[in-house]
Amino acid sequence: MARLAQTAGLTDIQREILSTVRDFVDEEIIPVATELEHRDEYPQAIVDGLKELGLFGLMIPEEYGGLGESLLTYALCVEEIARGWMSVSGIINTHFIVAYMLKQHGTQEQKDHFLPRMAAGDIRGAFSMSEPALGSDVSAITSKAVKDGEEYVLNGQKMWLTNGGTSSLVAVLVRSDEGHPEGTAPHKSMTTFLVEKEPGFGEVRPGLTIPGKIDKMGYKGVDTTELIMDGLRIPADRVLGGVTGRGFYQMMDGVEVGRVNVAARGCGVAQRAFELGVQYAQQRHTFGKQIAQHQAIQFKLAEMATKVEAAHAMMVNAARKKDSGERNDLEAGMAKYLASEYCKEVVEDAFRIHGGYGFSKEYEIERLYREAPMLLIGEGTAEIQKMIIGRRLLEEYRFQG
């Protein structure tokens with residue numbers, strides 16, 4: 001198992017960080033994950049442990065109190081954490097998307113105000129783009145901000161907000177027509193607002209309500225919520241970057257980081273499924289020998305391991321591309337698409353290896369079987385990824401005739 005999903009060219013610091021995270025996952029997450037997941041309980045002790053390790057500041061620059069590490073380091077840490085329990089990786093994912101957006105697009109005042117406390121884990125981030133009727137069509141956003149003096153008044157309903165209850169800072173994408181005349185392309189009339197709130201449910205600040213947790217098939221523990229804005233007043237200095245109309249581009253930049261994260265999660269869950277499958281195949285006996293000795297099972301294990309390796313390699317490539325400063329939407333889309341599809345297939349094969357026991361809640365594979373489908377739709381469905389990939393390929397291979 002240790003031979004799978006290795007990453008060449010890491011620094012000593014990166015290897016030390018990953019070793020620390022791996023030990024934390026083995027000792028603090030895996031032993032309790034299934035019990036907490038069945039209770040849909042927020043893993044506060046685990047989150048506190050991640051805070052002590054400094055992981056909430058992993059990608060935040062050192063000048064703001066973070067570790068200043070790369071997206072690759074972050075993705076490899078996410079892979080390890082998702083191997084233990086995917087919900088925990090979701091808790092830090094949205095936090096880092098917001099931190100990344102602040103680092104890349106925030107004003108100096110916004111960086112100075114938020115990033116040090118985000119690095120310490122005292123402020124937890126979430127981001128909100130989707131809406132109840134939106135699906136994958138971001139241009140159809142109806143939530144709106146209207147200028148009123150030195151403030152904006154926000155109204156609308158957002159959906160699928162990870163960390164909606166536990167976060168204290170939400171990056172919210174809304175339509176803002178101020179300065180953008182009628183007929184302006186939809187993506188040029190959107191703005192990201194930095195909304196501070198109290199953690200919890202109900203009315204968390206005047207004009208802002210977090211109704212409660214959405215009950216989900218899997219991906220439990222982490223709170224997924226709606227967000228309702230009804231006359232929510234936000235100061236003008238909480239427009240991300242200080243200028244309206246740039247929200248779509250800011251969000252898409254953050255989503256590229258999120259897609260690498262989802263690919264890393266798929267890799268981590270697939271690794272764990274392979275571990276469980278190969279272990280069980282050597283414990284279970286049929287017809288007088290381990291089922292691992294049957295050719296049919298060996299073929300499954302071979303296919304599973306190959307998929308784990310391929311997904312990991314594509315995820316690493318996408319992270320390194322982003323770290324280099326190059327455009328990586330093609331690589332991130334490919335990695336997210338492949339890793340999530342392969343994760344589903346590897347988990348299902350491990351489930352089949354377990355036979356009837358895979359259907360029992362006593363076995364960890366049952367939890368993974370319910371968690372894997374979320375990766376098929378999170379941060380853009382497989383169909384959206386294929387659209388992105390196809391368009392980018394046509395840009396790169398344009399026929400000159």
Side-chain angles (χ1 to χ4, degrees), residues 5 18 21-22 24-26 28-47 49-50 55-56 74-97 126 160-164 166 213-224 257-277 304 307-308 311-312 315 335-351 358 361 363-382:
L18 288 173
V21 172
R22 188 177 300 116
F24 182 83
V25 168
D26 288 338
E28 305 295 336
I29 297 182
I30 289 177
V32 301
T34 296
E35 180 183 353
L36 292 175
E37 196 271 349
H38 287 169
R39 297 204 302 258
D40 197 8
E41 181 177 328
Y42 186 78
Q44 188 61 57
I46 293 173
V47 172
L50 295 176
L55 285 190
F56 282 100
Y74 168 62
L76 294 175
C77 287
V78 166
E79 184 179 40
E80 291 292 344
I81 292 169
R83 175 181 153 268
W85 185 13
M86 191 179 75
S87 293
V88 179
S89 64
I91 290 170
I92 63 174
N93 177 39
T94 55
H95 175 84
F96 266 106
I97 291 177
W160 305 118
L161 180 62
T162 301
N163 291 330
T166 49
K213 293 169 63 174
I214 297 170
D215 193 16
K216 309 183 295 285
M217 175 179 76
Y219 197 42
K220 294 179 179 290
V222 60
D223 48 295
T224 305
V257 172
R259 284 178 179 150
V260 174
N261 172 285
V262 172
R265 285 196 243 179
C267 292
V269 173
Q271 284 182 49
R272 185 58 180 165
F274 174 78
E275 291 173 7
L276 295 172
M304 292 161 68
K307 289 173 181 177
V308 168
H312 175 83
M315 179 271 290
K336 192 275 174 185
Y337 168 59
L338 190 80
S340 58
E341 294 290 340
Y342 276 180
C343 175
K344 172 184 70 76
E345 294 170 11
V346 171
V347 167
E348 182 171 343
D349 279 343
F351 177 84
K361 285 184 175 290
Y363 283 75
E364 190 177 342
I365 191 63
E366 181 272 342
R367 169 170 61 83
L368 271 58
Y369 194 76
R370 288 183 290 104
E371 289 179 337
M374 196 286 289
L375 298 171
L376 300 173
I377 54 176
E379 311 295 6
T381 63

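Values reported hereafter were calculated over all heavy atoms of this structure, with side chains retained and with hydrogens, waters and symmetry mates removed. Throughout, numbering of the chain's residues begins at 1 and tracks the sequence.
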inquiry  = N93 vs Y74, test: side-chain contact (heavy atoms from CB on, under 4.5 Å). Steps then yes/no.
reply    = CA-CA 10 Å; N93 177 39; Y74 168 62; 3.6 Å; yes

message = What verdict does the side-chain contact (heavy atoms from CB on, under 4.5 Å) test give for Y342 and V308, after you've listed the backbone C-alpha separation in whole Å, the side-chain angles of each residue and the deciding distance to 0.1 Å?
response = CA-CA 7 Å; Y342 276 180; V308 168; over 6 Å; no

task = Might you work through the side-chain contact (heavy atoms from CB on, under 4.5 Å) test for L50 and F24, ending with a clear yes or no?
result = CA-CA 9 Å; L50 295 176; F24 182 83; 3.8 Å; yes

task = May I have the step-by-step check of salt bridge (charged side-chain N to carboxylate O under 4.0 Å, His left out) for E79 and R83, ending in yes or no?
result = CA-CA 6 Å; E79 184 179 40; R83 175 181 153 268; over 6 Å; no

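For E371, the salt bridge (charged side-chain N to carboxylate O under 4.0 Å, His left out) partners two or more places apart in sequence, or in a different chain, are R367. Here F351 pairs with Y369 under the ring pair (Phe, Tyr, Trp, His ring centres under 6.0 Å) rule; sequence neighbours left out. Shown here are the salt bridge (charged side-chain N to carboxylate O under 4.0 Å, His left out) partners of E366, two or more places apart in sequence or in another chain: K361, R370. Every salt bridge (charged side-chain N to carboxylate O under 4.0 Å, His left out) that R272 has, sequence neighbours left out, goes to E275, E364. Residues that satisfy the salt bridge (charged side-chain N to carboxylate O under 4.0 Å, His left out) test with K307, not counting sequence neighbours, are E345. For H312, there are no ring pair (Phe, Tyr, Trp, His ring centres under 6.0 Å) partners, not counting sequence neighbours.
Distance alone, capped at 3.5 Å, is enough to place a donor-acceptor pair between the K336 side chain and the L375 backbone.
Atom CG of L376 sits about 10.0 Å away from atom OH of Y337, to the nearest 0.5 Å.
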